[in-house]
Amino acid sequence: MSLDSVINWWVDNERLVYLLIDALGQTLSMVFSSGFIGFALGIPLGVLLHLSKKNGLLENHVLNKSLGIIVNIGRSIPFIILLVAIIPFTRFVVGTSIGTAAAVVPLTIGAIPFIARLVEGALLEVPSGLVEAAQAMGAKPQQIITKVLLPEALPGIINAVTITLVTLVGYSAMAGTVGGGGLGDVGIRYGYQRFDGTVMFITVVILVILVQIIQSLGDHLVKRVDHR
Amino acid sequence: MIEIKEVNKVFYQGERVINALSDINLTIAQGTIFGVIGSSGAGKSTLIRCVNLLERPSSGSIVVDGIDLTELSSQELTLNRRKIGMIFQHFNLLSSRTVFNNVALPLELAGTAKNEIKSKVDGLLELVGLSDKSDTYPANLSGGQKQRVAIARALASDPKVLLCDEATSALDPATTQSILELLRKINQELNLTILLITHEMAVVKGICSEVAIIGDGKLVEQGQVGDIFAHPKTELARQFIRSTLDLTIPEDYRSRMQTQRSSGSYPLVRLEFTGASVDAPLISQVARQFNIDISILSSNMDYVGGVKFGLMLAEFFGTEQSAEQAVAFLHEHKVEVEVLGYVA
């Protein structure tokens with residue numbers, strides 16, 4: 001499979017090219033919409049996990065333990081099983097269990113606990129002295145969260161976002177196998193099931209480039225906001 | 001301005017009960033710079049953290065500017081903390097904010113208008129001498145500059161009291177002096193009451209007018225700085241002052257030291273000058289009067305509040321008789337002399 005064969009294939013298979021472009025669009029929409037919803041729910045969950053800890057701002061042992069257990073359960077179910085296991089829920093939310101929109105549901109559910117733990121870790125990096133200083137200044141708990149904890153943890157949170165998006169690219173390929181569409185789906189249907197090595201190769205290359213772009217963008221952003 | 005009444009603080013470490021503070025009573029008048037000095041683990045950090053209730057006392061009350069903080073609800077406490085500024089050993093500046101925005105933080109918390117924040121922060125940065133660093137991030141500042149930013153930030157909400165928690169302990173001696181100077185300046189210009197805790201004698205000597213010595217969670221002694229240093233009443237206070245001045249015998253002297261005088265050996269003595277010692281050039285008088293030569297090994301003398309005090313290690317070269325007379329003469333003049341041994 002030389003570079004020539006790839007170029008020739010590109011010219012000869014116009015229909016497949018459009019298929020790949022469509023698939024890339026589906027992958028992007030799966031990754032970013034589940035990522036977006038995942039952050040919207042996962043970041044507050046991570047903040048809550050951090051705050052409810054012992055000696056935390058809103059110390060609450062019961063809440064912390066129960067959230068911790070739920071998050072651990074979410075993280076221990078293999079994604080491919082989660083994908084199938086929550087089909088009834090997916091159907092309830094989007095009306096169908098097949099297609100890109102349906103794939104977003106398990107992807108989001110899978111991402112939330114992952115993000116929560118990463119955000120919790122990022123918040124843990126914020127020196128406790130800063131929270132104390134804010135308290136001494138007369139900051140309300142909500143002000144401590146928005147003006148101290150989140151801005152100080154921002155580099156870590158952006159890093160968490162990057163890791164999550166990259167992971168979601170991988171998960172979205174799995175979601176493809178159950179009818180979610182996307183590059184993973186094309187790779188498996190054309191490459192694996194039809195023994196078309198070239199299609200498989202191209203999908204992998206596109207995925208690699210996609211991951212590189214996400215990671216570079218993330219690293220660049222972290223650099224810009226990190227003044228430590 | 002600050003009244004600490006009957007404050008106790010108990011920590012539980014599993015089954016163990018630790019009395020971090022016991023029966024602390026302290027009154028700090030408006031406009032004074034009050035120092036609390038103690039060795040690490042003495043409870044001084046717990047004490048200062050009790051003043052703004054970062055640490056809630058197990059019992060007792062804390063009255064700042066006429067308000068008993070221990071009786072406030074958490075919302076009221078939050079608002080009242082804005083009248084109490086605090087600076088820390090490790091500065092605790094937000095790395096995500098520039099110098100300007102760090103100083104602006106307390107004003108943002110209080111909901112101050114943008115243009116008002118700008119003029120207030122600019123004024124404060126000028127006061128602490130960092131106007132040119134307004135847009136710099138803390139990571140690019142030196143320790144002394146960071147503490148200046150922290151001081152400006154603590155002053156932003158126009159507090160009546162400034163708490164300094166080991167504020168100079170992470171700084172070198174020269175920077176420490178410049179920070180102390182700044183604290184003295186704001187004490188005078190803003191008539192701010194300052195409570196500081198430290199383990200460094202230099203800090204207390206440098207700016208405090210009153211001092212309390214804390215040991216093992218108890219206030220051992222308190223009073224005017226000069227008095228405490230010159231006439232320590234309790235053994236603990238005395239030990240503490242001594243420990244900060246402590247002079248150790250150099251190793252090679254120690255190995256050559258004998259307990260009995262023999263020919264060719266001379267006494268190594270430790271002289272302790274206190275506020276009670278007669279204020280006269282005693283060392284040269286002794287040398288002349290008893291015809292001995294005095295070689296000073298090391299010495300740690302200080303002058304605080306009109307009083308000379310300190311420790312000195314010296315060898316008395318001369319006959320046995322004249323050395324004894326010299327020791328007796330010094331005793332008479334209220335210098336405490338201890339013959340540590342005889343060095344050949």
Side-chain angles (χ1 to χ4, degrees), chain A residues 43 46-47 50-61 118-119 121-162 218-228, chain B residues 45 48-49 51-56 69 72 74-99 101-111 135-141 149-150 153-157 159 161-166 170:
Chain A
I43 291 177
V47 171
H50 178 71
L51 295 181
S52 59
K53 244 182 232 148
K54 195 166 187 293
N55 296 326
L57 212 49
L58 308 169
E59 183 176 339
N60 186 331
H61 185 71
L118 287 174
V119 168
L123 292 170
L124 208 59
E125 299 277 295
V126 178
S128 62
L130 296 186
V131 174
E132 214 159 64
Q135 282 176 315
M137 269 173 229
K140 298 171 190 137
Q142 179 241 330
Q143 288 175 318
I144 294 177
I145 296 167
T146 56
K147 290 191 181 284
V148 178
L149 278 177
L150 289 177
E152 286 294 309
L154 192 60
I157 291 175
I158 294 178
N159 203 27
V161 168
T162 312
D219 290 347
H220 176 73
L221 270 177
V222 168
K223 229 184 208 165
R224 281 202 43 188
V225 300
D226 194 356
H227 300 288
R228 283 175 294 189
Chain B
S45 221
I48 201 165
R49 290 158 53 83
V51 175
N52 59 2
L53 261 60
L54 280 180
E55 206 84 70
R56 193 169 269 278
L69 299 182
L72 299 178
S74 64
Q75 277 108 334
E76 289 170 323
L77 176 63
T78 297
L79 294 179
N80 271 281
R81 275 177 174 160
R82 292 179 184 166
K83 293 193 291 185
I84 307 171
M86 189 170 192
I87 57 174
F88 305 84
Q89 179 175 4
H90 298 296
F91 325 121
N92 291 345
L93 299 176
L94 302 194
S95 67
S96 59
R97 286 174 170 244
T98 59
V99 165
N101 286 322
N102 261 290
V103 179
L105 181 59
L107 299 166
E108 279 178 35
L109 297 177
D135 295 324
T136 310
Y137 284 92
N140 300 321
L141 298 177
V149 176
R153 182 177 70 176
L155 295 178
S157 51
V161 171
L162 180 64
L163 307 176
C164 309
D165 185 357
E166 297 272 12

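Here is the naming used below: chain letters follow the sequence lines, and residue numbers restart at 1 for every chain. Just so we're clear, the structure is a prediction, and the values are computed from it rather than from any experiment.
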Part of A/Pro151 within contact of chain B (heavy atom distance under 4.5 Å): both
Where do A/Leu130 and B/Leu93 come nearest, in terms of heavy atoms and distance? CD2-O, 3.2 Å
Interface residue of largest heavy-atom contact number with chain A, from B/Asn80, B/Asn140, B/Leu109, under 4.5 Å: B/Leu109
Between A/Arg228 (side chain) and B/Ser95 (backbone), is there a donor-acceptor pair under 3.5 Å? no
Can you tell me how far the CG atom of B/Asn101 sits from the NZ atom of A/Lys147, to the nearest 0.5 Å? 9.5 Å
For A/Ala136 versus B/Leu54, what's the shortest heavy-atom pair and its separation? N-CD2, 4.2 Å
Among the options B/Leu94, B/Leu77, B/Leu105, pick out the one with the most heavy-atom pairs lying under 4.5 Å from chain A. B/Leu94
Is there a side-chain contact between B/Met86 and A/Glu132 (heavy atoms, below 4.5 Å)? no
Side chain, backbone, both or neither: which part of B/Leu163 has a heavy atom under 4.5 Å from chain A? neither
Using every non-hydrogen atom in the two residues, find where B/Glu108 and A/Gln143 come nearest and quote the distance to one decimal. O-NE2, 4.4 Å
Is a side-chain N or O of B/Asn92 found less than 3.5 angstrom from the main chain of A/Gly129, in a donor-acceptor match? yes
Please determine, among B/Arg81, B/Arg97, B/His90, B/Arg49, the option with the most heavy-atom pairs under 4.5 Å with chain A. B/Arg81
Name the region of B/Leu79, side chain, backbone, both or neither, that has any atom closer than 4.5 Å to a heavy atom of chain A. neither
Greatest number of heavy atom pairs closer than 4.5 Å to chain A - which of B/Pro159, B/Ser74, B/Ala156, B/Pro106: B/Pro106
